[in-house]
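Note: hydrogens, waters and symmetry copies are ignored here, and every other heavy atom, side chains too, is used.
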Amino acid sequence: MFALADCNNFFVSCERVFRPELNGKPVIVLSNNDGCTVARSNEAKALGIKMGDPYFKIRNLVERYGVTVFSGNMALYGDMSQRVKSVLREASPSTESYSIDESFLDLSGMDIDFDRFAKELSERCFRWTGIPVSVGVSSTKTLAKIASKLCKSYKGLKGGCFMDRPGDIEKVLRKFPVE
C-alpha cells in the first residue's frame, strides 16, 4: 500500500499560516519575478484565476475582488515543506519526496485501518504545521495520487481517502481525466 500526502494550495497555505485573517479570502502567489500566478486559494480559483495567468491579465480581477497577492517566498515554502515532511516521516518508515508539497509513503507491511490512517495523518499535519494536507491511500502510487485528489473535491472525506474496492476504483477511473 502507498499513501500520497499532498499539501493543499501549498504556497497560499504557507502564507496563511502567518496571516490567518486571509483564510476564506482570495489569495494568489506570483512567480519570483511577479510575472505569473503559481498558486491560488480556492476562493481565487472560483474567481476564474488560473495557474500560470500573467499578472497583467488578471490585475482587474485582483483589484475588483480585493485578491491578496504575494511574491513567491521559496525560503518560507522550503521551510514549511520540511516541517510537513517531518510529520510524514514519523508516520511511515519509508517516505519519498515527489515535489516540494507532495510525498509518497510506503505503507507495506503495516497492519492498520488505512482510511483512519489517512484522515488522522491529514489532521496531524494541519495541527502541527498549519498546512492542510490531503492524504490518499491505495495499492499503487498512481491510485494513491488520485485518492488524494478526491480529498480536495469532497470535504466529507476529511482530508483522507482509502481507495481499495475494485468497483469504486473503476468508477473513479472512468470519470478521472487521463491528462
Side-chain angles (χ1 to χ4, degrees), residues 1-14 16-17 23-24 26-29 37-53 77 80-179:
M1 256 336 127
F2 295 95
L4 178 74
D6 184 1
C7 299
N8 302 347
N9 306 322
F10 182 58
F11 295 170
V12 167
S13 293
C14 291
R16 284 177 165 173
V17 166
N23 289 330
V27 177
I28 62 172
V29 175
T37 306
V38 295
R40 307 155 294 150
S41 66
N42 290 337
E43 299 81 10
K45 291 174 187 176
L47 296 175
I49 297 174
K50 296 185 178 22
M51 186 67 80
D53 274 352
Y77 310 148
M80 295 302 288
S81 175
Q82 289 309 308
R83 293 176 191 210
V84 171
K85 289 175 183 184
S86 175
V87 175
L88 300 176
R89 282 190 297 274
E90 288 186 18
S92 171
S94 177
T95 63
E96 172 189 350
S97 289
Y98 187 56
S99 67
I100 192 169
D101 70 330
E102 294 178 281
S103 290
F104 285 105
L105 291 76
D106 186 343
L107 307 179
S108 300
M110 295 176 75
D111 185 23
I112 56 173
D113 177 332
F114 291 112
D115 191 58
R116 179 199 234 155
F117 171 86
K119 287 172 175 41
E120 287 177 355
L121 182 57
S122 173
E123 194 276 327
R124 189 177 322 132
C125 284
F126 185 74
R127 187 169 10 106
W128 291 0
T129 68
I131 302 294
V133 178
S134 295
V135 181
V137 177
S138 198
S139 57
T140 69
K141 289 179 177 179
T142 300
L143 291 174
K145 179 141 176 85
I146 292 169
S148 76
K149 292 234 182 256
L150 290 175
C151 295
K152 294 174 192 237
S153 301
Y154 301 103
K155 298 291 182 210
L157 292 174
K158 298 180 181 177
C161 177
F162 176 41
M163 246 179 30
D164 68 323
R165 295 186 301 228
D168 292 343
I169 292 170
E170 185 177 329
K171 184 177 164 183
V172 167
L173 289 178
R174 263 196 233 119
K175 292 181 181 180
F176 206 81
V178 173
E179 304 82 39

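Here the straight-line distance linking atom CG of Leu150 with atom SG of Cys161 works out to 5.0 Å at 0.5 Å rounding. In this structure, OG in Ser92 is found 4.5 Å from CG in Leu105, a value given to the nearest 0.5 Å. Met163 contributes atom CE, which lies 12.0 Å from atom CG of Asp115 (distance to the nearest 0.5 angstrom).
Between Asp106 and Glu96 the shortest side-chain heavy-atom distance does not fall below 4.5 Å. Within the 4.5 Å cutoff, the side chain of Tyr77 has heavy atoms near those of the Val29 side chain. The shortest distance between side-chain heavy atoms of Ile146 and Leu173 falls below 4.5 Å. Considering only heavy atoms from C-beta on, Lys149 stays 4.5 Å or farther from Tyr154 through its side chain.
Between Asp6 and Lys152 a salt bridge is recorded (basic side-chain N to carboxylate O distance below 4.0 Å). A salt bridge links Arg16 with Glu43: the distance from a Lys NZ or Arg NE/NH1/NH2 to an Asp or Glu carboxylate oxygen falls below 4.0 Å. Note on Glu102 versus Lys145: salt bridge recorded, some NZ/NE/NH1/NH2 to OD/OE distance being below 4.0 Å. Of the charged side-chain nitrogens involved, none lies within less than 4.0 Å of a carboxylate oxygen, so that Lys119 and Glu123 do not count as a salt-bridged pair.
Partner of Asn8 under the side chain to side chain donor-acceptor pair (under 3.5 Å) criterion, out of Ser41, Ser122, Ser134: Ser134 alone.
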side-chain contact (heavy atoms from CB on, under 4.5 Å) between Ile28 and Val12, intermediate numbers included: CA-CA 7 Å; Ile28 62 172; Val12 167; 5.8 Å; no
side-chain contact (heavy atoms from CB on, under 4.5 Å) between Leu121 and Val133, intermediate numbers included: CA-CA 8 Å; Leu121 182 57; Val133 178; over 6 Å; no
side-chain contact (heavy atoms from CB on, under 4.5 Å) between Ile131 and Phe126, intermediate numbers included: CA-CA 5 Å; Ile131 302 294; Phe126 185 74; 5.8 Å; no
Stepwise side-chain contact (heavy atoms from CB on, under 4.5 Å) test for Leu107 and Phe117: CA-CA 10 Å; Leu107 307 179; Phe117 171 86; 3.9 Å; yes
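Side chains of Asn9 and Lys45: a donor-acceptor N/O pair is present below 3.5 angstrom, by distance only. A side-chain donor-acceptor contact under 3.5 Å links Ser97 and Lys85.
In terms of heavy atoms, Ala91 sits closest to Arg124 at CB-NH1, 3.9 Å. Among all heavy-atom pairs drawn from Ala147 and Gly136, the shortest one is CB-CA, 3.6 Å. Contact record, Arg40 with Thr37: CG-CG2, 3.4 Å, taken as the closest heavy-atom pair. Among all heavy-atom pairs drawn from Met80 and Cys14, the shortest one is CB-SG, 3.5 Å. When every heavy atom of Gly130 is checked against every heavy atom of Val17, the shortest pair comes out as O-CG2, 3.6 Å. Between Leu88 and Ser103, the closest heavy-atom pair is CD1-CB, 3.7 Å.
Heavy-atom contacts from other residues, nucleotides or ligands closer than 6.0 Å to CZ of Arg165 number 12 or fewer.
Side-chain N or O atoms of Ser139 include none that pairs as donor or acceptor with a backbone N or O of Met1 at under 3.5 Å.
Contacts of Thr140 classified as side-chain contact (heavy atoms from CB on, under 4.5 Å), with partners at least two apart in sequence or in another chain: Thr142, Leu143.
Aromatic ring orientation, Phe114 versus Phe162: tilted (interplanar angle from 30° to 60°).
Under the 6.0 Å cut-off for aromatic ring centres, Phe104 and Phe2 do not qualify, their centroids lying 6.0 Å or more apart.
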